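Keep in mind it's a predicted model, so treat the numbers as computed, not measured.
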Amino acid sequence: MEINVKENQYDLDLRDLIYIGKRVNNSKRNFLFISKLLGKHVEVKPNICKATGRLLLSRVYDEVDYKLLCDYISRKEEACEEKVSVEISKEIDPGKRIFVIGFAETATGLGMSVAAPLKNAYYQTTTREPLIGVKKLFSFKEEHSHATNHDFYSVDETNINEYDEIYLVDDEITTGKSMLNIIAQLSKISSIKKFSIFSILDWRSEENLECYKRVEKECNVTIHVHSLISGTVLNDDQTIYTDDLDITYLDDAEIIGDASDAFEQVLLNTKFGERDYIRYSGRFGVCHQEILGLEEKCRQVAERIKVSKESRVLVLGHGEEIYIPSRIASYIDADVYFKTTTRSPIYCDGRVICDKTAFVNEGVTYFLYNKNEMEHDYDLVIIISESDIFKQFTENTVCLKI
């Protein structure tokens, strides 16, 4: 694989941001960039995701302390946790109303991290939850992905046309075709003409860039792309990577606590029956003030979790549930790290991904990576999830329902 970096305004080391992994059974694109910033496949400090979202905003807003955040995501000792916590809690006045969209499942937390500081912003994610009887504004499928359709629901009838600009947030753009498909669909259902894309990495080729110019003309819109690093990737490896893996069927988890009373719930129909969801998780839309309120609720939930300050703790979210579990983790008084389960089937290369456990939840196969390392390195693993789907992986694993 050949990676050519063209723009790197903050002089970041790409190796601080990603590992290169292999997709399983994917002939269209057999590689992926495994982020070191999102807590999806590998664990990170809980504030990293929110700090990354704010750092992306620094490409547009001067008041962001990008030097502090760059040092932090690069794991430099001079970037102290306390200063970072203060920085990521500051508000930004964009001077306009912004509708922010994050993408399931990897960028749901990053999207809300971009939206969180912005006054007058509204945030919503795409989702793969199989909802029934809820108005759907649009759907799309990623061409290179293993995953099912992304759906974008309208639960509270929010009018997109009340906003001046749409921010689209993802962790990485390779061709950018998915973004163009969404912009084309949004142009059909709204009168918004300004779109900005925020992505940690941007690998679009010259041909891809020309496609963006063409869509701007066809849809009569402007599209600005903001990234931390941009360049091109050339992959001449045509290998199809395969894993033989048995599915582990898990029973219900042992619940050590129920914090669902801390978060407003919404009861919705799915193809698996009725289910309670967190109202302000991002799936169903959340305004700026509600995101601020969510932060305080996460702090209150963390206070219920009693662990030794000397203990090393891993908080494990599930699938699309990234932002709320990571924010709860950030307030637990111990040496805490965070990651989630995922739908992404990644090849075990023995280097980054050393082992994986597969399990089924509501007909969907999820993966937990590096379970053996997790069991060895942490005194306690706390699974924080909207549903009680987990059985204990080890004696030191418990579940908190939200």
Side-chain angles (χ1 to χ4, degrees), residues 1-21 23 28-38 40-41 44 48-49 51-62 64-75 98 100-103 106-107 109-111 113-115 142-145 165-184 194-217 221-237:
M1 176 180 291
E2 180 181 328
I3 297 177
N4 295 306
V5 174
K6 293 183 178 180
E7 184 179 355
N8 183 1
Q9 182 173 324
Y10 298 146
D11 197 26
L12 293 163
D13 189 333
L14 187 60
R15 293 169 296 183
D16 290 333
L17 309 187
I18 60 167
Y19 297 108
I20 297 176
R23 297 177 186 269
K28 293 183 178 180
R29 188 185 301 170
N30 68 354
F31 71 95
L32 80 162
F33 296 108
I34 300 174
S35 176
K36 297 183 179 182
L37 305 180
L38 303 181
K40 172 48 67 174
H41 307 104
V44 299
I48 286 282
C49 183
T52 303
R54 189 173 182 85
L55 181 59
L56 280 173
L57 288 174
S58 72
R59 300 309 309 270
V60 176
Y61 300 99
D62 293 336
V64 176
D65 188 347
Y66 69 88
K67 178 65 167 59
L68 172 67
L69 298 176
C70 285
D71 286 347
Y72 184 64
I73 69 171
S74 301
R75 285 78 170 174
I98 298 171
V100 184
I101 299 176
F103 293 94
T106 303
L110 182 64
S113 297
V114 168
E142 295 176 86
E143 295 181 11
H144 64 272
S145 178
E165 186 171 354
I166 292 178
Y167 285 2
L168 304 170
V169 184
D170 212 345
D171 60 312
E172 177 251 329
I173 305 172
T174 304
T175 66
K177 290 181 180 178
S178 295
M179 290 291 187
L180 292 182
N181 291 338
I182 294 161
I183 289 172
K194 295 181 179 179
F195 294 86
S196 287
I197 298 171
F198 290 82
S199 178
I200 300 170
L201 305 174
D202 176 6
W203 302 121
R204 291 173 299 156
S205 65
E206 289 299 324
E207 181 182 354
N208 301 144
L209 294 172
E210 287 300 316
C211 287
Y212 270 63
K213 293 178 183 178
R214 185 171 66 250
V215 170
E216 283 184 304
K217 291 181 180 179
V221 298
T222 60
I223 306 171
H224 298 287
V225 180
H226 309 284
S227 63
L228 300 184
I229 294 178
S230 64
T232 58
V233 175
L234 178 62
N235 180 45
D236 55 7
D237 178 11

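The side-chain heavy atoms of H226 and S196, taken from C-beta on, include a pair separated by under 4.5 Å. Side-chain atoms of N8 and L228, non-hydrogen and from C-beta on, never get closer than 4.5 Å to each other. Taking 4.5 Å as the limit, every side-chain heavy atom of I34 sits out of range of all side-chain heavy atoms of I20. Looking only at side-chain heavy atoms (C-beta outward), M179 and Y212 come within less than 4.5 Å of each other. Taking 4.5 Å as the limit, some side-chain heavy atom of I183 sits within range of a side-chain heavy atom of V221. A 4.5 Å side-chain heavy-atom check between L180 and I223 finds at least one atom pair inside the cut-off. Between I229 and L12 there is a side-chain heavy-atom pair separated by less than 4.5 Å. Residues S35 and H41 are not in side-chain contact: their nearest non-hydrogen atoms beyond the backbone lie 4.5 Å or more apart.
Using a distance-only test at 3.5 Å, with no hydrogens or angles considered, a donor-acceptor pair links the side chain of R75 to the main chain of D16. Not a single donor-acceptor pair under 3.5 Å links the side chain of N235 to the backbone N or O of E2.
Heavy-atom minimum distance, N4 versus W203: O-CZ3, 4.3 Å. Nearest heavy atom pair, residue I18 against residue K36, reads O-CE, 3.4 Å. Residues C70 and S74 come closest through the heavy atom pair O-OG, 2.8 Å.
Note: S230 OG to L201 CG = 9.5 Å, rounded to the nearest 0.5 Å. Between L38 atom CG and E172 atom CD the span is 11.0 Å, to the nearest 0.5 Å. Once rounded to the nearest 0.5 Å, the distance linking CG of L110 with CG of L56 reads 5.5 Å. Taking CD1 of I200 as the reference point, atom CG of L14 lies at 11.0 Å (rounded to 0.5 Å). Separation of atoms OG1 (T52) and CZ (F198) is listed at 14.0 Å; rounding is to 0.5 Å. If you take CD on E207 and OG1 on T175, they are separated by 9.5 Å, rounding to the nearest 0.5 Å.
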- Item | Criterion side chain to side chain contact (heavy atoms under 4.5 Å, CB included) on I197 and D170, from CA distance to verdict | CA-CA 8 Å; I197 298 171; D170 212 345; over 6 Å; no
- Message: As a quick check of understanding, evaluate salt bridge (Lys or Arg N to Asp or Glu O under 4.0 Å) for K213 and E216, giving each step before the final call.
- Response: CA-CA 5 Å; K213 293 178 183 178; E216 283 184 304; over 6 Å; no
- Query: Can you list the steps and then say if L17 with I73 is a side chain to side chain contact (heavy atoms under 4.5 Å, CB included)?
  - Reply: CA-CA 8 Å; L17 309 187; I73 69 171; 3.9 Å; yes
- Message: Using the rule given for side chain to side chain donor-acceptor pair (under 3.5 Å), can you reason through E206 versus N208, listing the C-alpha separation, both sets of side-chain angles and the distance that settles it, and then say yes or no?
- Response: CA-CA 5 Å; E206 289 299 324; N208 301 144; over 6 Å; no
- Task: Just do the side chain to side chain contact (heavy atoms under 4.5 Å, CB included) check on V44 and C49 with the steps written out, would you?
- Result: CA-CA 8 Å; V44 299; C49 183; 5.9 Å; no
- Task: For R204 and I173, run side chain to side chain contact (heavy atoms under 4.5 Å, CB included): C-alpha distance rounded to whole Å, both residues' side-chain angles, the deciding distance at 0.1 Å, then the answer.
- Result: CA-CA 7 Å; R204 291 173 299 156; I173 305 172; 3.8 Å; yes
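No more than 12 heavy atoms of other residues, nucleotides or ligands shown are found within 6.0 angstrom of CG on D62.
Annotation: cation-pi pair R59/Y10 present, NZ/CZ under 6.0 Å from the ring centroid and within 45° of its normal. Geometrically, R23 does not engage F31 in a cation-pi contact defined by less than 6.0 Å to the ring centre and at most 45° from the axis.
For the residue pair R29/T174, the side-chain donor-acceptor check at 3.5 Å is satisfied.
Screening V64, L57, I48 against L69 for a side-chain contact (heavy atoms from CB on, under 4.5 Å) leaves a single residue, V64.
In this structure, F33 has its ring center at least 6.0 angstrom away from the ring center of Y19.
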